[in-house]
Amino acid sequence: MSQPDRRRITVLGSTGSIGRNTMDVVKQLGGRDAFEVEALTGHGNLDLLARQAIECGARLAVTADPARYTDLKERLAATGIDVAAGPSGLIEAAGRDTGWVMAAIVGNAGLPPALVAAERGADIALANKECLVSAGRLFLAAVGRGGGRLIPVDSEHSAIFQVLDRDQRHALERIVLTASGGPFRTWSREEMAGVTAATARVHPNWSMGVKISIDSASMFNKAREMIEARHLFDVHPDEIEVVVHPQSIIHSMVGYCDGSVIAQMGAPDMRGAIAYALSYPRRASIDIERLDFARLARLDFEAPDEVRFPALRLARVAMQRGGLQAAVMSAAQEQALDAFIDDRIGFLDMAEIVESVMDAMGGIGEAADMEDVFAADEEARHRAAKIVAERQKAA
Ligand SMILES: NC(=O)c1ccc[n+]([C@@H]2O[C@H](COP(=O)([O-])OP(=O)(O)OC[C@H]3O[C@@H](n4cnc5c(N)ncnc54)[C@H](OP(=O)(O)O)[C@@H]3O)[C@@H](O)[C@H]2O)c1
């Protein structure tokens, strides 16, 4: 039976790193007494998906992989939990009536369900990056039509969201995104040339999914965040700065025209940003590490090196060229990343491949609709895959 005082929520990507942290925060903030979980989605980790669904009493569990439908159905037999699969299952999960949706599916697969949730007016806690990077204008338009709130979950954007004084927009001078620098912060290009996915996926500060961890090492994660910040906070590319801050204590900052800079700090634990997104506009008490400034002792900063980490330069190129260049960058990079994970190309090849594809599709215009986004995405992946194959052949 539905209790009116409980908040109805859905978690897209509940089995991932953000999803698991979200389920932990939901539990900490009252679990079943405070929340009705309408739908959970996963892909391959059915053990966890089934366990989560049973534990929180979800109404619907969805695996994005149609081939796993029967397996999930069997695991949830006699529980009364609805089961669905595939892209249509994700759409069903996103479309069900809830006031809050965590969008934490990795990659482009997360875009269609997040759009559906935005269109129907749910508040969107946004972790997935492609929604803004590949389809920024269209996604924001969907949020606008739906009338829900868009609350960033990425620690950097959550930080800016928390300190940005919207009444002082005219006084905003710059947004400063902090970057840990990843595991190769001090490495030369020669050293980086030989790294494997196993080394690249070990992040010095954050515990995250494989793809985002490797993207942090190459700084393509920061490249995407620059583009996301542009859309989220409606700032000019020149107003976005990146500074390397190896301790990941300052999650990002906003600089104003009087020289004042306001930073948001916290332990590097995504549950802080997730709890904020779940409680917004209030704050809720959760059990995560508190900063002990006496123990911290120092915070370091350094300028990013765009020669060793070309991803940042490519993000600026994408923003300058406009249109669907960011979608092209993101899709080509995801394709190259998969090839790197499979050991088909080297670490440094990723940025070179992305740049080649961006140049080849340099004149691409704005997207009129999602079909244009998907078409650009497909072409960029195709071109990237072709270059990967050529490089493999030449190696
Ligand atoms: N992790 C972080 O700290 C962090 C911070 C900021 C932003 N983000 C962003 O948030 C998103 C999620 O990150 P994550 O680290 O949680 O990733 P993750 O650990 O890889 O989890 C991804 C989630 O998406 C599901 N999934 C995988 N492939 C799918 C597909 N083809 N269709 C539908 N669902 C699929 C996974 O299911 P299975 O696990 O069941 O296969 C899992 O639930 C990413 O866009 C990432 O860039 C993450």
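Both ligands and their constituent atoms are indexed starting at 1 by order of listing. Since we're looking at a predicted model, the values are computed, not measured.
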How far is [atom] from its nearest protein heavy atom, and which residue and atom name does that atom have?
atom: atom 46 (C) of ligand 1; answer: Ile212 CD1, 3.8 Å
atom: atom 24 (O) of ligand 1; answer: Val106 N, 3.4 Å
atom: atom 41 (O) of ligand 1; answer: Gly44 N, 2.9 Å
atom: atom 34 (N) of ligand 1; answer: Ile105 CG2, 3.3 Å
atom: atom 9 (C) of ligand 1; answer: Ala127 O, 3.1 Å
atom: atom 2 (C) of ligand 1; answer: Ile18 CD1, 3.5 Å
atom: atom 15 (O) of ligand 1; answer: Gly209 N, 3.0 Å
atom: atom 12 (C) of ligand 1; answer: Ala104 O, 3.4 Å

Can you find a pair of side-chain heavy atoms, one from Pro310 and one from Glu355, that are under 4.5 Å apart?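 Counting from C-beta outward, Pro310 and Glu355 never come under 4.5 Å.
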
Under a 4.0 Å N-O cut-off, is there an ion pair linking [X] with [Y]?
X: Arg224; Y: Asp154; value: no
X: Lys27; Y: Asp287; value: no
X: Arg20; Y: Asp24; value: no
X: Asp377; Y: Arg381; value: yes

Closer than 4.0 Å to some heavy atom of [X] - which atoms of ligand 1 meet that?
X: Met208; value: 1 (N), 2 (C), 3 (O)
X: Ala109; value: 30 (C), 31 (N), 32 (N)
X: Asn128; value: 10 (O), 45 (O)
X: Lys129; value: 7 (C), 45 (O), 47 (O)
X: Ala64; value: 32 (N), 33 (C), 34 (N)
X: Asn45; value: 38 (P), 40 (O), 41 (O)

N or O contact, [X] vs ligand 1, cut-off under 3.5 Å:
X: His43; answer: yes
X: Gly19; answer: no
X: Thr15; answer: yes
X: Gly16; answer: yes
X: Asp154; answer: no

- Query: Given that the side chain starts at C-beta and the backbone is N, CA, C, O, which of these parts of Ser17 lies under 4.0 Å from ligand 1, counting heavy atoms, or is it both or neither?
  - Reply: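 Both backbone and side chain of Ser17 come within 4.0 Å of ligand 1.
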
For a quick test of reading the model, state the closest non-hydrogen atom pair linking [X] to [Y] and the distance between them.
X: Ile227; Y: Ala326; value: CD1-CB, 3.8 Å
X: Leu60; Y: Ala93; value: CD2-CA, 3.8 Å
X: Val153; Y: Met270; value: O-CE, 3.1 Å
X: Met358; Y: Val328; value: CA-CG1, 4.1 Å

Yes or no on side chain to side chain contact (heavy atoms under 4.5 Å, CB included) for Ile9 and Val37, after CA distance, side-chain angles and deciding distance?
CA-CA 5 Å; Ile9 65 169; Val37 177; 4.2 Å; yes

